[in-house]
Amino acid sequence: MRWSNPAARRARGISRFAIRSGERLASATPAMQRTLVKDALQASGPMDSILLQGWVRTRRDAKAFSFIELNDGSCLKGLQIIVDATLPDYAHVAQASTGASVAVQGRLVASQGGGQKWEVVAAQFTVLGEADATYPLQKKGHTLEFLREIAHLRPRSNLFGAVFRVRSRLAYAVHQFFQERGFCYVHTPIVTASDAEGAGDMFRVTTLDLANPPKTEQGEIDHSKDFFGKKTFLTVSGQLEAEIFATALSNVYTFGPTFRAENSHTSRHASEFWMIEPEVAFCDLAGDMDLAESFVKYLIRDAQQHCAADLEFFAKFVDKELAARLNFVLERPFQRCSYTEAVEILARSGKTWEHPVAWGDNLQSEHERYLTEEHFKCPVTVYNYPRAIKAFYMRVTDGCAPDRQTVGAMDLLVPGIGEIIGGSQREERLEHLRAGMALHHLEEKNYWWYLDLRRYGTVPHSGFGLGFERMLMFVTGVANIRDVIPFARTPGTAEF
RNA sequence: UGCCCGGUAGCUCAGUGGCAGAGCAGGUGACUGUUAAUCACUUGGUCGUAGGUUCGAUCCCUACCCGGGCAGCCA
């Protein structure tokens, strides 16, 4: 380690770990331990000496003292600081405007005012970094669109602080859910050479000089001269590689960034997003749906347990029905309905559809919304889709009619967002898989290793993909995917 | 990519074919155990960009740029 020596670390102002109450803070004030606002607010009694460091949310000056609301991101709430005008450091208070970083040492006492249990009476007050009048985050309301333009500052707002605390917690819960169940975490590649994963347009990865690329004798770009000796892309899914590991380690999952180059302009699509893809050997479609349901419920329950204050904030300011919806979802089994049944429900609905409903066509957004928001009023898993509209690797349903062939695909639809999970039982029978590839005009030589999995010890297996950001939207009630990812990448936008 | 909505002060918005407006933020002062504090005064503008119509355009028209929504694609 470069800075393994504690003294050297201290000299550079670097603290070794995430700082928690009771741990030594090596930087600003080595003599004292820093307390996080979260911990100070939960104090069981007054404290003679406490050190807090954070950012000023707002300051209110009285004649004899100033009130400063200090937030350090450890929780939604801030801590009220009282700086008395008789204090020598009171001269610094004028610099402690909204956004400034400050350190406060003082006494934690029961608050004289209403609105908070504890407050800190400062003995020492230091402004570490001023924030002048150009600081864009005001005390009053900002639109989400404006905050997106200042993505480097928006985590300091109540809403985004809460969103990213929940995001962190849910990422942890993802691992916890699978690790508790004996799943192995597999790191599938980000750069891939398979250009037909079938999940959408891909970003090219190249080191070729675009102004002057090497050409073949036929005058075409010579990809054999590229970095990897062939055309390469950013992954759109780790599924095919996850299948390799599922047929060795039985239960695996991936959790990583995923890239889609579609020119989508919607509130629920991003060019770069995080996806969780479990892959389970010896598991059929019903088992896959069971896993998806318990996974979604687990994540909701975990957020309720560990991010209660943040969820309350969302319920109050973002989505009034959030709490009721999350509880409703937890309390009952998700509905399940076959694609064929869904088509019948839609045909019988009496609704006039912008896109007509016909067996064999994809379900449109309006259809999915009707099923989950109006008909079932609940998350619903639609399964067994027509073979022709689904991916080549999905398993042909046993006993389906030859003129209405279906595959074991399933989509989990939730109110307000639509598809949050897409999965399937994979075709484990070599000849069926080859037929599926032929149907989709895929060349077997590009999938030789995928076919080998069916040649050597093939097993029934299933999996799905959960869009992490879509799950966050569902849990927080935040309506735009750009607001649940720290720095959104969408067509035309890659700031920060 | 298609359709729709928007772009006016740092932020949120109103407005009119004829002198550019409010609230908040900023500044000054007053007041106050305050809580998005309050009160008074006050600074602040290339009305997205480029053309066009017009005596005159922030306003009407066209194109473009940017933002947003919906649809498709999907997670």
Side-chain angles (χ1 to χ4, degrees), chain A residues 57-69 77-84 94 97-99 109-116 119 121 131-150 157-158 197-201 236-239 255 257-277 292 296 317 354-355 361-369 389-391 409 411-414 417-423 464-474 479-485 490-493 495:
Chain A
R57 277 296 167 78
T58 175
R59 188 185 88 225
R60 295 175 290 274
D61 295 329
K63 184 174 279 174
F65 42 81
S66 286
F67 298 103
I68 288 169
E69 189 187 328
K77 285 194 65 141
L79 187 59
Q80 178 158 285
I81 312 293
I82 315 291
V83 188
D84 197 280
S97 47
T98 301
V109 300
S111 178
Q112 292 176 33
Q116 61 277 319
E119 63 190 20
V121 178
D132 70 15
T134 61
Y135 183 63
L137 280 176
Q138 295 168 14
K139 295 177 207 173
K140 297 208 173 185
H142 291 292
T143 59
L144 294 173
E145 290 80 6
F146 172 68
L147 290 166
R148 265 171 226 153
E149 293 169 7
I150 51 166
S157 68
N158 284 333
E197 292 186 30
D201 297 332
V236 293
S237 164
Q239 180 203 316
F255 183 11
T258 307
F259 306 87
R260 304 268 169 99
E262 262 103 25
N263 193 11
S264 299
H265 292 102
T266 81
S267 54
R268 59 191 193 283
H269 288 88
S271 311
E272 176 184 296
F273 62 98
W274 285 61
M275 188 156 65
I276 297 127
E277 295 179 287
V296 166
F317 293 108
E354 194 180 325
H355 301 86
D361 291 345
N362 247 318
L363 297 182
Q364 306 295 308
S365 272
E366 56 172 340
H367 306 142
E368 295 183 345
R369 270 208 312 276
I389 58 172
K390 286 294 182 180
D411 284 351
L412 174 56
L413 313 174
V414 297
I417 294 166
E419 185 178 341
I420 196 167
I421 281 178
F464 62 80
L466 170 88
F468 187 54
E469 284 78 14
R470 288 190 183 173
M471 187 67 209
L472 275 164
M473 291 167 72
F474 188 67
N480 195 310
I481 197 166
R482 286 170 273 228
D483 298 325
V484 296
I485 190 162
T490 52
T493 304
E495 281 300 316

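All chains are named by letter (A, B, ...) in the order of the sequence lines, taking the proteins before the strands, and each is independently numbered beginning at 1.
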Has the side chain of T266(A) got a donor or acceptor that lies under 3.5 Å from a partner of the other kind on the base of C70(B)? no
Roughly how many Å is it from [atom1] in [X] to [atom2] in [N], rounded to a whole number?
X       : N      : atom1 : atom2 : result
M473(A) : C74(B) : CE    : C1'   : 13 Å
E368(A) : C74(B) : CD    : P     : 10 Å
H355(A) : C3(B)  : NE2   : P     : 15 Å
E272(A) : C74(B) : CD    : C1'   : 16 Å
F146(A) : C13(B) : CZ    : C1'   : 14 Å
E145(A) : G7(B)  : CD    : P     : 13 Å
H142(A) : U12(B) : NE2   : P     : 8 Å
E366(A) : A71(B) : CD    : P     : 9 Å

Nucleotide by nucleotide, 5' to 3', does protein get under 4.0 Å of the base (B), only the sugar-phosphate (S), or neither (-) in nucleotides 37-48 of chain B, counting heavy atoms? S-----------
Taking G48(B) as the reference, what is the distance to C31(B) when you measure between their C1' atoms (whole Å, please)? 43 Å
I'd like the C1' distance from C4(B) over to G44(B), given in whole Å. 35 Å
Polar contact flag, side-chain donor to acceptor under 3.5 angstrom, S66(A)-D61(A): yes
[N] phosphate, OP1 or OP2, under 4.0 Å from [X] side-chain N/O:
X       : N      : value
T493(A) : G67(B) : yes
N480(A) : G69(B) : yes
T143(A) : U12(B) : yes
R57(A)  : A36(B) : no

Could you check whether any side-chain N or O of [X] sits under 3.5 Å from a backbone N or O of [Y], counting only pairs where one atom can act as donor and the other as acceptor?
X       : Y       : result
R148(A) : D483(A) : no
E119(A) : I82(A)  : no
Q116(A) : G114(A) : yes

Using a cut-off of 4.0 Å on non-hydrogen atoms, how would the nucleic acid contact of [X] be classed: base, sugar-phosphate, or nothing?
X       : value
T134(A) : nothing
I276(A) : nothing
T258(A) : nothing
T98(A)  : nothing
A133(A) : sugar-phosphate
S97(A)  : nothing
A64(A)  : nothing
G492(A) : nothing
G465(A) : sugar-phosphate
F468(A) : nothing
E149(A) : nothing

From C-beta outward on [X], which listed nucleotide comes closest to its side chain: [options]?
X       : options                : value
Q364(A) : G68(B), U34(B), A71(B) : A71(B)
H265(A) : C74(B), U1(B), U32(B)  : U1(B)
E119(A) : G33(B), A71(B), C31(B) : G33(B)
Q80(A)  : G33(B), G69(B), C74(B) : G33(B)
R268(A) : C74(B), U1(B), G69(B)  : C74(B)

F273(A) ring over A75(B) six-membered base ring, under 5.5 Å and 30°: yes
M471(A) and I420(A), any side-chain heavy atoms less than 4.5 Å apart: yes
Listed partners of I485(A) passing side chain to side chain contact (heavy atoms under 4.5 Å, CB included), at least two apart: R167(A), E469(A), A488(A)
Check E419(A), R268(A), H355(A), E354(A) against S365(A) for a side chain to side chain contact (heavy atoms under 4.5 Å, CB included) and give me the one that passes. R268(A)
Stems in RNA chain B, runs of 3 or more consecutive Watson-Crick or G-U wobble pairs with both distances under 3.5 Å, sorted by first number, are B:1-7 with B:65-71, B:10-13 with B:21-24, B:26-30 with B:38-42, B:48-52 with B:60-64
